[in-house]
Protein chains: 2
Amino acid sequence: MASQRAGMPRVTLADVAERAGVSTALVSIVMRDAPGASPQTRERVRQVAGELGYQPDRRARLLRSGRTRLLGVVFSVQHAFHGDLVTGLYAAAEKAGYELALSAITPQRDEQRAVAGLMAERCEALIVMSLDSSAAQLSELAARMPLVVLTRNVRDPDVDVVRNDDRRGLHLAVDHLVELGHRRIAHLDGGRAPGSAERRRGYREAMERHGLEAGARVVAGGVTEADGATAARELLADLPTAVTVFNDRVATGLLGVVRGAGLDVPGDLSVLGFDDDRLARLGYIDLTTVGQDAQALTELAVRRAVDRIEGRPVTHPHLVTPPQLVLRGTTGPVRADPGRMSGWGDA
Amino acid sequence: MASQRAGMPRVTLADVAERAGVSTALVSIVMRDAPGASPQTRERVRQVAGELGYQPDRRARLLRSGRTRLLGVVFSVQHAFHGDLVTGLYAAAEKAGYELALSAITPQRDEQRAVAGLMAERCEALIVMSLDSSAAQLSELAARMPLVVLTRNVRDPDVDVVRNDDRRGLHLAVDHLVELGHRRIAHLDGGRAPGSAERRRGYREAMERHGLEAGARVVAGGVTEADGATAARELLADLPTAVTVFNDRVATGLLGVVRGAGLDVPGDLSVLGFDDDRLARLGYIDLTTVGQDAQALTELAVRRAVDRIEGRPVTHPHLVTPPQLVLRGTTGPVRADPGRMSGWGDA
DNA sequence: ATGAAAGCGCTAACAT
DNA sequence: ATGTTAGCGCTTTCAT
């Protein structure tokens, strides 16, 4: 029950060395699996270290070797997708031989503070799932150390950006709906939210490519379920056969109202979201959506950070991953239109 | 563009000292706000430190002073509530003058690995939102360093436990439903999940207290939305007027199926969840639920960890916080029952 | 109030 | 293969 107390003696390299009857240098070699120790010595040192419950002190180790091999990660505890990204980062960092230092953004702890904590830890690079820092702040930070911004666009060439190709995501979405026979496809917009402009643009391009530009219709939406519910009412007034939506939360709000109004999804309206968040996967929501490839994003982010740390030349500051269409139950073939069509979008 | 590279010179205390024309000891004093420097010196040192962008190296600092003042935190990226807890821990730790070291559990990174990382960081105590470690493993860990287990019950007196009073949570839930006139109240169980036994017990006790034990009905559920959906079908076969549910995720799955079957909530069935996670707060879910007091939990956890670190005597190894009933839209008065009642739960 | 010097636990360079 | 030594950036005596 004698728990470790503040200032209590810890087992050190020297303790192990003494007990094993060798020098500390040798123990160090063994602990690091570095060459330069006989098999017998290795064996004995390991044995003693085990008995003593020795744990190398990362701080001392890194203080001495000058490097930390530490990647600082700033994420938000609120964002479910950040959890997926953190998961991927751990895996990617391990493969690259780096450790992660996590620093969370909370309602009371902003990005600045989170970053400051990681600086004091002597991270060699920062991977930031940025939310509230201005582009200027990010640029300033990038001048001090390698910075990779995940899932957000920043136009500074000194800032590395790894993000999903949202534009292409909407191409996929529209293509899918057109293939199902839809022509009257609306887009529920995300306003000024990050990514919104890209998605809107993708929607417009795809509609144009299919010769449906005349029927392109962008409806003001937002980022939350409530925004989706509000927009639903506008949509119901002049119903398209399908709608692409800024994100899954908005799509979910839309779904609630549409279904509540007695309409069948996808029979009367196909709905296609964006993000593939946990919500979309729920059985009773079962939303067709455009997903981001968390694994690709995180692997690229780590690779880029490591390239910068190790001084390798880098060609493009922006890395863009392909989106994936996740087919679920809210999109289906357009119903043989019994009535006449409203005034838009038919060729 | 001259980013920090591996092994590149960092600004050190010595740099600041030289530039300010004082000794490193003095700079150290100033940086730590320790007594023993004149106001002028303080001013100048701060100024120079600012110009040079000096950031103290936490590793070196703590290596020398022997203490890390670091609280290790193990949490899961999947659990939304863990995010709330991390938020609270940051605030509580800051007040106590400690820092947090975060280590996440992910699908590929178990509790063991998360803990090992924190040991190497020389955390002085661990606060663990435990999921998969056995009681034995936790006990072993507690023998090595102060350990606080958050939101889970462990019966080892050497392990400090801080948790919500789940039993009482279900008392509140049942009392509320009974007040609304419900008598046929079922409980959708969480199986072997942590907390499940407590909640089941609380349900049974409250039913008994209200003289409804004959009608107490525990339905096998689980921990996910899918489990809730499955159980919903069983529930529909013999519908109670209300149901308390192991957690909000299960309740959400249940809601989807129940509403999908054309039933009205709370008109035909009142549903009461547990956790008050972000899901429950969504407008279209709007789940009445039992919430845990994240702030109280985290403050107690930090205080307990610090007490152990600083060797203060502690009386109770278990700290239990009161739950809160969060009233939303899925519970309502029992409908005047037009038909006859099924075979259970009427006095 | 200020400075000199020792040393935290470890690794790296250089001996042997 | 093994040991010796120096020193990472900082805090902490102990002088002055």
Side-chain angles (χ1 to χ4, degrees), chain A residues 4 6-46 48-49 52-70 99 119-124, chain B residues 4 6-46 48-49 52-70 99 119-124:
Chain A
Q4 205 70 32
M8 268 190 81
R10 270 269 180 188
V11 185
T12 72
L13 251 196
D15 298 329
V16 178
E18 191 188 8
R19 191 94 116 81
V22 295
S23 73
T24 57
L26 213 37
V27 178
S28 171
I29 285 171
V30 173
M31 297 313 293
R32 283 176 294 133
D33 281 322
S38 71
Q40 302 100 300
T41 307
R42 255 176 228 287
E43 169 98 12
R44 196 170 67 258
V45 168
R46 279 192 197 295
V48 172
L52 265 41
Y54 169 70
Q55 285 259 38
D57 185 323
R58 196 186 291 160
R59 309 190 122 76
R61 167 178 288 183
L62 300 174
L63 176 58
R64 169 63 232 216
S65 58
R67 298 211 33 194
T68 61
R69 303 193 75 85
L70 212 50
E99 302 265 351
M119 301 279 294
E121 289 283 355
R122 290 295 187 267
C123 295
E124 299 183 358
Chain B
Q4 205 70 33
M8 267 190 83
R10 269 269 180 189
V11 184
T12 72
L13 251 197
D15 298 330
V16 178
E18 189 187 12
R19 189 94 115 82
V22 294
S23 72
T24 58
L26 211 38
V27 177
S28 170
I29 285 172
V30 173
M31 295 315 293
R32 283 176 296 134
D33 280 323
S38 70
Q40 302 100 299
T41 307
R42 256 176 227 288
E43 169 98 16
R44 195 170 67 258
V45 168
R46 279 192 197 296
V48 172
L52 264 40
Y54 170 69
Q55 285 260 37
D57 186 323
R58 198 184 291 160
R59 305 190 129 73
R61 164 178 291 182
L62 300 174
L63 177 58
R64 170 65 232 216
S65 59
R67 299 211 33 195
T68 61
R69 302 193 76 85
L70 212 51
E99 303 265 352
M119 300 279 294
E121 290 283 354
R122 290 292 186 268
C123 295
E124 298 183 4

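Residue numbering restarts at 1 for every chain, and letters A, B, ... go by the order of the sequence lines. These values consider heavy atoms only, across backbone and side chains, with no hydrogens, waters or symmetry-generated copies.
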Checklist entry - Is a donor on one side and an acceptor on the other found under 3.5 Å between the side chain of A:Glu124 and the backbone of A:Thr68? => result yes
Checklist entry - What are the two closest non-hydrogen atoms of A:Ala14 and A:Thr24, and how far apart are they? => result CA-CG2, 3.8 Å
Next on the checklist: Return a single string for nucleotides 8-16 of chain C, one symbol per nucleotide in 5' to 3' order, where B is base contact, S is sugar-phosphate-only contact and - is none, cutoff 4.0 angstrom on heavy atoms.
Outcome noted: BBBBB----
Checklist entry - Tell me: CD of A:Glu121 to P of D:dC8, nearest whole Å? => result 21 Å
Checklist entry - Rounded to whole angstroms, how far apart are CG on A:Leu26 and C1' on D:dG3? => result 8 Å
Checklist outcome for this item: Nearest heavy-atom contact between B:Pro56 and B:Arg61 is CB-NH2, 3.5 Å
Checklist entry - Rounded to whole angstroms, how far apart are CD on B:Glu18 and C1' on C:dG3? => result 15 Å
Next on the checklist: Surrounding CZ of A:Arg69 (heavy atoms of other residues, nucleotides or ligands, distance under 6.0 Å), is the total greater than 12?
Outcome noted: yes
Checklist entry - Distance only, no hydrogens: is a donor on one side chain within 3.5 Å (strictly under) of an acceptor on the other, for B:Arg32 and B:Ser28? => result yes
Checklist entry - Rounded to the nearest Å, what distance is computed from the CZ atom of residue B:Arg42 to the C1' atom of nucleotide C:dT2? => result 12 Å
Checklist entry - Is it true that B:Asp57 and A:Arg59 have a side-chain N and a carboxylate O under 4.0 angstrom from each other? => result no
